[in-house]
Amino acid sequence: MNERSDSPKYRYDASFASSIEQKWQDRWEDQGTYYASNPSGDLGDDSGRIDLPNIFIMDMFPYPSGSGLHVGHPLGFIGTDVFARYKRMTGYNVLHTMGYDAFGLPAEEHARQTGQHPRDNTNANIENMRKQLRRLGLGHDSRRSVSTTDLEFYKWTQWIFLQLFNSWYDSEADRARPIAELESLLSNGYLKLENGLDWNALTISEKRETIDSYRLAYLAEAPVNWCPALGTVLANEEVTAEGRSERGNHPVFRRPLKQWMMRITAYADRLLDDLEILDWSDAIKTMQRNWIGKSEGAEITFKAGDVDLKVFTTRPDTLFGATYMVLAPEHPLLEVVIADSWPEGTPDKWKNGMATPAEAVHNYQKEASQKSDLDRQENKDKTGVFVGEFAAVPVNGKKIPIFISDYVLMGYGTGAIMAVPGQDERDWEFAQEYGLEIIRTVQPPEGWDGDAFTGNGPAINSQFLDGLQINDAKEKIIEWLENSGSGHRNTTYKLRDWLFSRQRYWGEPFPIVYDENDLPVALPEDCLPVELPDLMDWAPRSLDEMSDPEPPLGRASEWVYAEMDLGDGLKTYKRELNTMPQWAGSCWYYLRYLDPTNADEFVSKDVESYWMNGDKGGVDLYVGGVEHAVLHLLYSRFWHKALFDLGHVSTPEPFHRLYNQGYIQAAAYQDSRGIYVEAADVIQEDGDFKYGNEIVTRSFGKMGKSLRNSVTPDEMYDQYGADTLRLYEMFMGPLDQDRPWETKSVVGSLRLLQRVWRNLVNEETGILAVSDGDADLQLKQILNQTIKSVRDDMENLRFNTAIARITELNNELTKSNTETPREVAEVLVHLIAPLVPHIAEELWEMLGNDSSIVYSPFPLPDPTYLVSETVEIPIQVNGKLKSKITVAAGCSSSDLRDAALADEKIASIVSDKEIRKEIIVDGKLVNFVI
RNA sequence: GCCCGGGUGGCGGAAUUGGCAGACGCGGGGGAUUCAAAAUCCCCUUCUCUUCUGGGAGUGCGGGUUCAAGUCCCGCCCCGGGCACCA
């Protein structure tokens with residue numbers, strides 16, 4: 001920064017910082033400084049570190065975007081790097097590396113814009129990103145850096161798919177098992193088919209289809225988000241609330257298509273229960289719980305003529321209050337319950353102006369299907385029509401009218417409800433609208449003037465349930481339902497099976513082919529990897545609403561049909577043309593970090609159990625953004641559990657501790673038209689923000705192109721150096737909090753490093769300037785107290801306060817007129833080493849060491865210097881600070897009291913008053929109450 | 001509407017169990033050094049009253065518990081995030 005000719009020659013400034021940073025980055029790379037030791041295999045070594053305790057520290061790997069980094073991106077990466085460095089210095093074998101999540105739609109889109117093949121484009125972006133991250137001085141084991149697009153990586157993604165395809169969920173044993181075991185259980189008669197058929201009487205193809213329907217990865221006709229303009233189906237998360245594609249804002253249609261599904265619902269309970277053993281924030285756990293959405297209750301059958309209508313309810317205890325029934329407009333049994341004509345006395349309101357129930361229902365169905373999700377969200381007024389038929393409440397035979405309404409969703413429970421307006425707010429609203437009977441079955445508290453009462457209380461109007469509290473009433477009615485055969489205990493989930501097919505080019509091909517009956521056949525392991533064919537024309541095609549999606553792989557005409565012998569002679573098979581979603585690679589990449597060069601296994605058992613630590617283990621620290629709270633983290637947990645069941649990994653959970661870093665925000669400025677202007681060009685003048693001559697308004701938002709407020713790491717390297725950037729990002733605030741970027745504040749971090757440098761080195765000569773004498777007692781006490789605090793802060797990822805403590809120590813040295821004692825200098829260099837590794841290495845070398853500081857032990861506090869002989873005690877009167885006195889450490893309560901009363905100020909305040917109470921906390925405080 | 005976070009000086013933030021509110025940094029003010037400036041070093045910097053000794057108020061708002069509350073309890077307000085007709 002300071003390039004003036006008269007500034008000291010050896011001042012620590014941006015250009016000097018850059019030169020030592022590059023020197024050390026080269027040396028670390030040459031020496032493989034950050035290589036972690038494996039217990040066996042290619043990455044084993046004789047460093048001896050394998051005998052140390054180990055720790056696996058991980059970032060959520062990035063998508064290698066072509067647009068480069070801004071200073072907000074590496075916040076979490078710096079945090080894990082500081083922690084990993086600290087752990088290395090405290091005697092751990094540390095695994096820390098970085099991979100790339102490089103498949104997916106963004107890569108395709110970007111490639112399309114630049115006209116390059118996605119592979120070339122992706123590889124160029126990865127190279128660029130590696131360079132940028134290297135420049136930050138991140139201590140990654142470069143040998144373990146993988147990309148999901150590497151053939152040697154996605155071979156194992158396909159292998160894991162085969163594991164899922166070749167297994168089923170045994171709900172008795174509550175775990176996944178190999179599919180071969182299902183076949184033998186069925187043929188031995190140990191397991192009966194759900195549809196009651198005799199397995200051994202089935203034809204071969206019936207058997208095959210039955211088996212297929214049990215697999216964890218299975219084909220199903222499922223309603224999907226079909227976006228004809230993009231030519232692909234989209235995941236729910238890729239569709240906006242308005243029902244349009246997030247990219248391009250094209251219309252999206254719900255449409256049933258045959259797709260690969262993952263049976264994540266089989267794991268719903270375990271995914272829920274095992275949250276307990278995880279060290280994750282309650283916020284994230286709550287989000288996962290909500291997503292899984294477990295509800296316990298009962299399924300109850302209502303008879304409407306000959307038709308059984310099943311409802312799910314969490315409140316079977318309110319059965320006596322059921323006064324009508326509602327089916328979803330898409331309910332499959334609707335057609336058979338519609339009456340031919342309106343019964344006598346049907347209110348006009350229930351008919352919706354139609355002459356027959358059929359007309360009313362079909363008209364309503366049509367309207368409901370045209371309602372977008374947004375309409376439903378914004379307009380929650382209850383609408384519906386009567387179907388002209390009645391159902392019988394099982395417990396008393398009472399006939400209640402059947403309605404259809406869009407407030408009942410086909411996708412949840414049974415798509416039908418018993419409506420209990422007395423105890424349900426939605427049912428109350430509907431009942432009010434259509435003039436339906438309301439029966440309270442729970443006694444509301446006295447003075448209740450509200451509508452539906454959803455709280456606890458004794459049952460009323462419920463015959464044999466009367467007087468029971470909700471939970472007891474539920475148990476009793478469920479018992480009755482089960483005895484009478486009209487219902488049973490049941491649990492439902494919001495979680496749906498995971499749609500796993502995409503009509504895209506840039507993704508993992510499935511290791512699946514189809515035979516002459518169009519049934520799926522898994523390829524054997526020795527056929528892996530199924531390589532993505534090289535296509536010139538890989539872009540999705542725009543289609544119209546009525547056409548089927550065309551997977552781009554269908555255009556690889558050479559590739560689509562394969563002739564092979566899969567055990568029953570040479571035959572021609574058609575390949576699966578869909579590809580896997582982007583989540584596939586991110587579901588398991590952490591496991592490949594462990595053993596990236598293993599050609600025989602996705603990870604060796606030996607290596608996996610070493611790093612994951614079995615049982616309640618997993619990745620020791622996983623840092624990333626909160627936006628992955630549900631999808632990635634849920635999918636990944638699901639795959640991991642399946643691999644665990646099949647004996648491929650030793651821990652039931654992948655990520656033991658999850659930590660969500662905050663985001664760096666930055667000021668953004670809008671002109672009078674609301675257009676964002678380049679934030680870097682805005683100046684502050686007389687309290688106004690000005691862009692040129694125009695006054696602009698300020699707001700804060702996520703740093704990025706759209707708000708035109710990006711600051712790049714390169715700018716920071718030019719002005720300050722990488723160590724300063726690292727230090728500033730860690731000092732801004734706690735790692736898990738959002739924080740606003742302020743370039744003008746970065747200078748404070750540079751100043752700290754300059755002072756550290758100046759306290760150890762003569763700026764004029766560049767020669768080390770430390771003394772060999774001892775530090776005085778006071779400095780030793782400060783030094784050891786600092787070591788203690790910094791260790792504690794580092795351990796708990798509180799880097800901002802660690803830096804504050806280091807700054808205090810350094811300020812002591814700055815104030816002193818003498819040269820810094822060597823013992824202090826050496827400690828100081830260690831304390832800063834995890835945060836600012838380059839300057840620390842440089843100083844460590846100047847202090848006469850020829851090996852890296854990376855593995856030099858982090859200082860331990862000497863307990864002798866953690867206690868001082870005297871302590872300062874605040875003296876309060878009536879709880880307000882009035883004075884402070886200095887007394888011998890460990891002095892008795894009575895001595896402390898006497899000393900406090902002897903203090904001039906205190907004496908003058910209490911002299912003529914009676915002391916009513918004395919609070920004396922040894923070593924802490926004295927409070928007199930007068 | 002429900003469920004999570006959060007609210008502390010001009011700004012970012014600190015205060016581990018109830019025990020000195022505002023550590024550390026930015027910004028601001030003053031001084032030393034300098035021909036002068038930059039850089040550096042030192043001091044001050046919550047607000048407010050003041051007779052310059054100190055006094056009063058103060059952690060979103062209103063109550064409470066306590067010798068003592070940013071911290072605990074009750075009732076609100078505001079900001080951020082998630083879910084949202086899930087029976």
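By convention in this document, chain letters (A, B, ...) are assigned in the order of the sequence lines, proteins followed by strands, and residues within each chain are numbered from 1.
At a threshold of 4.0 angstrom between heavy atoms, the contacts of A:Glu918 with the nucleic acid are absent. As judged by a 4.0 angstrom heavy-atom cut-off over every strand, A:Asn811 is placed among residues touching the sugar-phosphate backbone only. In this structure, A:Arg755 reaches the sugar-phosphate backbone alone: every heavy-atom distance under 4.0 Å involves primed, P, OP1 or OP2 atoms, never a base. Using a 4.0 Å heavy-atom cutoff across all strands shown, A:Asp427 reaches no nucleic acid atom at all. Using a 4.0 Å heavy-atom distance criterion, A:Gln876 is classed as a base contact.
For A:Phe430 and A:Tyr324, the ring centers sit closer than 6.0 Å to each other. Taking the six-membered ring for Trp and the full ring otherwise, A:Tyr663 and A:Trp741 have centroids separated by 6.0 Å or more. When ring centroids are compared, A:Phe799 and A:Phe83 stay outside the 6.0 Å threshold. Taking the six-membered ring wherever Trp is involved, the centroid distance between the rings of A:Phe16 and A:Trp757 falls below 6.0 Å.
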Quick one, A:Asp308 with A:Thr301, criterion side chain to side chain donor-acceptor pair (under 3.5 Å). Give me CA distance, side-chain angles, the key distance, then yes/no.
CA-CA 6 Å; A:Asp308 283 353; A:Thr301 305; 5.5 Å; no
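Evaluation of atom-type donor-acceptor distances gives a pair under 3.5 Å for the side chain of A:Arg805 against the base of B:rA23. Contact of A:Asn796 with B:rU16 (side chain to base): no donor-acceptor pair of N or O atoms is detected under 3.5 Å. Counting atom types as modelled, A:Lys382 pairs a side-chain N or O with a base atom of B:rC85 as donor and acceptor under 3.5 Å.
Closest to the side chain of A:Glu808, out of B:rA23, B:rU16, B:rC41, is B:rA23. Checking B:rC43, B:rG19, B:rA15 against every side-chain atom of A:Thr801, the shortest atom distance belongs to B:rA15. Relative to the side chain of A:Asn927, the nucleotides B:rA87, B:rG13, B:rA68 differ in distance, and B:rA68 lies closest. Comparing B:rG56, B:rA14, B:rA39 by their closest approach to the side chain of A:Arg11 singles out B:rA39. Among the nucleotides B:rA87, B:rC26, B:rC4, the one closest to the side chain of A:Thr314 is B:rA87. Of the candidates B:rG19, B:rA23, B:rU40, B:rG19 carries the atom nearest the A:Val921 side chain, counting heavy atoms from C-beta on. Out of B:rC20, B:rA87, B:rC3, the shortest distance to the side chain of A:Lys884 is found at B:rC20. In this structure, of B:rC42, B:rC24, B:rA87, it is B:rC42 that holds the atom nearest to the side chain of A:Thr814. Of the candidates B:rG27, B:rC41, B:rC67, the closest approach to any side-chain atom of A:Arg758 belongs to B:rC41. The listed nucleotides are B:rC4, B:rG25, B:rU40; the one nearest the side chain of A:Gln754 is B:rU40.
Residue A:Glu425 is the one, among A:Val626 and A:Glu425, whose nearest nucleotide of RNA chain B lies closer to the 5' end (criterion: closest heavy atom). Position along RNA chain B of the nearest nucleotide to A:Val929 versus A:Met418 favours A:Val929 as the more 5'-ward residue.
RNA chain B forms stems at B:1-7 with B:77-83, B:10-12 with B:24-26, B:27-32 with B:40-45, B:46-49 with B:54-57, B:60-64 with B:72-76, each a run of 3 or more consecutive Watson-Crick or G-U wobble pairs whose two key distances fall under 3.5 Å.
With a glycosidic angle more than 90° from 0, B:rG22 adopts the anti conformation.
Remark: A:Lys382 qualifies as a cation-pi partner of A:Tyr407 under the 6.0 Å distance and 45° angle criteria applied to the six-membered ring.
Residues satisfying the side-chain contact (heavy atoms from CB on, under 4.5 Å) test with A:Val395, not counting sequence neighbours, are A:Leu319, A:Phe320, A:Val393, A:Phe464, A:Ile477, A:Trp480.
A:Glu425 CD: 12 or fewer foreign heavy atoms inside a 6.0 Å radius.
Rounded to a whole Å, the CD atom of A:Glu764 is 11 Å from the C1' atom of B:rA39.
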